[in-house]
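Presented below is the structure to which this report refers.
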Number of protein chains: 2
Amino acid sequence: MKASQGVEWGLHLCMLLAFAEPHQTVDATSLAEYHELPLPYLRKILQALTRAGVLESVAGPTGGYRLARSADQITFLDIFSAVEGDQNAFRCTEIRQKGPTGLDQKCYPAACAIAATVWAAEQAWRDHLAGVSLFDITDGLTALAPPGQHELAITWLTKHTRA
Amino acid sequence: MKASQGVEWGLHLCMLLAFAEPHQTVDATSLAEYHELPLPYLRKILQALTRAGVLESVAGPTGGYRLARSADQITFLDIFSAVEGDQNAFRCTEIRQKGPTGLDQKCYPAACAIAATVWAAEQAWRDHLAGVSLFDITDGLTALAPPGQHELAITWLTKHTRA
DNA sequence: GGTAATGTGGATATGATATATCCACATTAT
DNA sequence: ATAATGTGGATATATCATATCCACATTACC
Ligand code: SF4
Ligand code: SF4
């Protein structure tokens, strides 16, 4: 089981944008350079985040991306779902209905105990991700002493944000 | 993010074997027929479960597979890890070290807060899977009235188990 | 001891999916 | 009008899951 690479990208992108001033945007080219990511594919991730309502896009010469709402209102689950979709990792193919002991389909009104257990575990995982917001992380970073990498990020932002 | 098909197979295989008497074995061909699965690939799953110590294999004409320990000692996590491996779903490629604000590698002694958060969520998922054993499921099934599909499974087992 | 039935492991083929790229078009500041 | 940007679709490539095959080891039975 593997999460797509775009999840890491999405989390970092949103973290960076969380340090920018509200309403200011950063264009895709600058974001790609910041993380040394392939621009064409990065655009796909940005579009997915926009469609999911995590980011806002602004077209035009001074356009770019910004958070769609405040950092404390964006959870890790929001970003994960935006990039990965919200399908369950465990997909049931109903093999219990196959083979010599298979019964008619109407005998299976609900998910079995096996699937219920695995899906409950996935829910526990989602609950954990939903409990952490971008603000929780940025707040933890800025509280650290001495100043770390995020200071460099903020300095970089002053040169790549637009009104 | 998708879990491999083999997880569903592995869970069902172990569930079925949990209904068999201890020490009795079921051969791979019968297991494949029971679930209508492709025999050659099913063997791979069985071998993975054996390597992981979930199943025991017996060679020879009356050989086959059986649980390596009692059903209450085999958790869903055991089966999942056996089939999927124990790598994290979220893989960090350290993109924070890249780009204009990247620092020397020795500046990153530990995982960042982003990775720590995601991995903690995965741990919550594992904890849940580790909390459910095969016995928990079979016990729940046999307690149900009226008798369900597992009765058919037990009958089938009487014809396909070996000493 | 010979034979047949079974499991094991490696190599390999196939298919699905993630990753990456490109292009025609819509939007908007200047 | 122009240029810079984001959007969406189509497509190529790489990677991995799925599926298959074969030579060999093990063991019950004759
Ligand atoms: S019995 Fe459960 S796990 Fe198996 S195929 Fe049906 S729903 Fe899925
Ligand atoms: S900052 Fe965190 S998530 Fe990003 S690459 Fe480093 S460890 Fe991974």
Side-chain angles (χ1 to χ4, degrees), chain A residues 1-10 13 17 23-33 35-66 68 80 83-85 87 89-91 93 95 160-163, chain B residues 1-10 13 17 23-33 35-66 68 80 83-85 87 89-91 93 95 160-163:
Chain A
M1 195 169 63
K2 197 165 87 91
S4 111
Q5 197 67 41
V7 172
E8 184 182 9
W9 299 4
L13 291 167
L17 291 173
H23 296 291
Q24 288 198 317
T25 63
V26 184
D27 65 284
T29 305
S30 296
L31 290 172
E33 285 170 2
H35 290 305
E36 288 185 8
L37 300 177
L39 176 58
Y41 190 44
L42 177 66
R43 292 199 128 105
K44 293 299 183 192
I45 307 297
L46 288 166
Q47 287 171 21
L49 288 165
T50 304
R51 263 195 308 275
V54 173
L55 297 185
E56 270 178 4
S57 66
V58 177
T62 65
Y65 294 90
R66 65 180 164 229
F80 203 101
V83 176
E84 283 280 350
Q87 275 197 310
F90 179 80
R91 318 276 166 85
T93 59
I95 64 176
H160 293 83
T161 48
R162 292 124 170 234
Chain B
M1 194 168 63
K2 197 166 86 89
S4 108
Q5 197 68 38
V7 171
E8 185 182 9
W9 300 3
L13 292 167
L17 291 173
H23 296 293
Q24 288 197 315
T25 63
V26 183
D27 66 284
T29 305
S30 296
L31 291 172
E33 284 169 3
H35 290 305
E36 288 186 8
L37 299 177
L39 175 60
Y41 189 44
L42 177 66
R43 292 198 128 103
K44 293 301 183 192
I45 307 298
L46 288 167
Q47 286 172 20
L49 287 165
T50 304
R51 265 197 306 277
V54 173
L55 297 184
E56 269 178 5
S57 66
V58 178
T62 65
Y65 295 89
R66 63 178 166 232
F80 202 101
V83 177
E84 283 281 351
Q87 277 198 308
F90 179 81
R91 319 276 166 86
T93 59
I95 64 176
H160 293 84
T161 47
R162 292 122 171 237

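Letters A, B, ... mirror the listed sequences (proteins, then strands); counts begin at 1. When reading the values below, keep in mind they use all heavy atoms of this one structure, side chains included, and skip hydrogens, waters and symmetry mates.
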- Query: What nucleotide, of D/dG6, D/dT18, C/dG7, holds the atom closest to the side chain of B/Y65?
  - Reply: C/dG7
- From C/dA20, C/dT6, D/dT7, nucleotide with atom closest to A/W9 side chain: C/dA20
- Note on the structure: Of C/dA18, C/dT8, D/dT18, the nucleotide closest to the side chain of A/S4 is C/dA18
- Query: Is the distance from OP1 or OP2 of D/dG6 to the nearest side-chain N or O of A/T50 less than 4.0 Å?
  - Reply: no
- Task: Measure from the side-chain heavy atoms of B/R43 and tell me the nearest of C/dT21, D/dG6, C/dT8.
- Result: C/dT8
- First of A/K2 and A/P61 reached from the 5' end of DNA chain C, by closest nucleotide: A/K2
- Message: Is the shortest side-chain heavy-atom distance between B/L13 and B/L42 below 4.5 Å?
- Response: yes
- Message: Side-chain N or O of A/Y41 versus OP1/OP2 of C/dT19: is the shortest distance under 4.0 Å?
- Response: yes
- For the side chain of B/Q5, starting at C-beta, report the closest nucleotide among C/dA20, D/dT18, D/dG6. D/dT18
- If only atom types and distance count, is the side chain of A/R162 paired as donor or acceptor with the main-chain N or O of A/G63 below 3.5 Å? yes
- Query: On DNA chain C, nearest-nucleotide positions of B/T62 versus A/A59: which is more 5'?
  - Reply: B/T62
- Figure out the NZ/C1' separation between B/K44 and D/dT18, and round it to whole Å. 12 Å
- Message: Heavy atoms only, 4.0 Å cut-off, all strands: where does A/P40 land among base, sugar-phosphate and nothing?
- Response: base
- Query: Is the phosphate of D/dG8, meaning OP1 or OP2, less than 4.0 Å from a side-chain N or O of A/R51?
  - Reply: yes
- Query: B/Q47 has an atom CD; how far is it from atom C1' of D/dC22, in whole Å?
  - Reply: 13 Å
- Query: Is a donor on one side and an acceptor on the other found under 3.5 Å between the side chain of B/Q24 and the backbone of B/R66?
  - Reply: no
- Query: Do A/E84 side-chain atoms and A/S4 backbone N/O form a donor-acceptor pair below 3.5 Å?
  - Reply: yes
- Does A/R162 have a side-chain nitrogen or oxygen under 4.0 Å from the phosphate oxygens OP1 or OP2 of D/dT5? yes
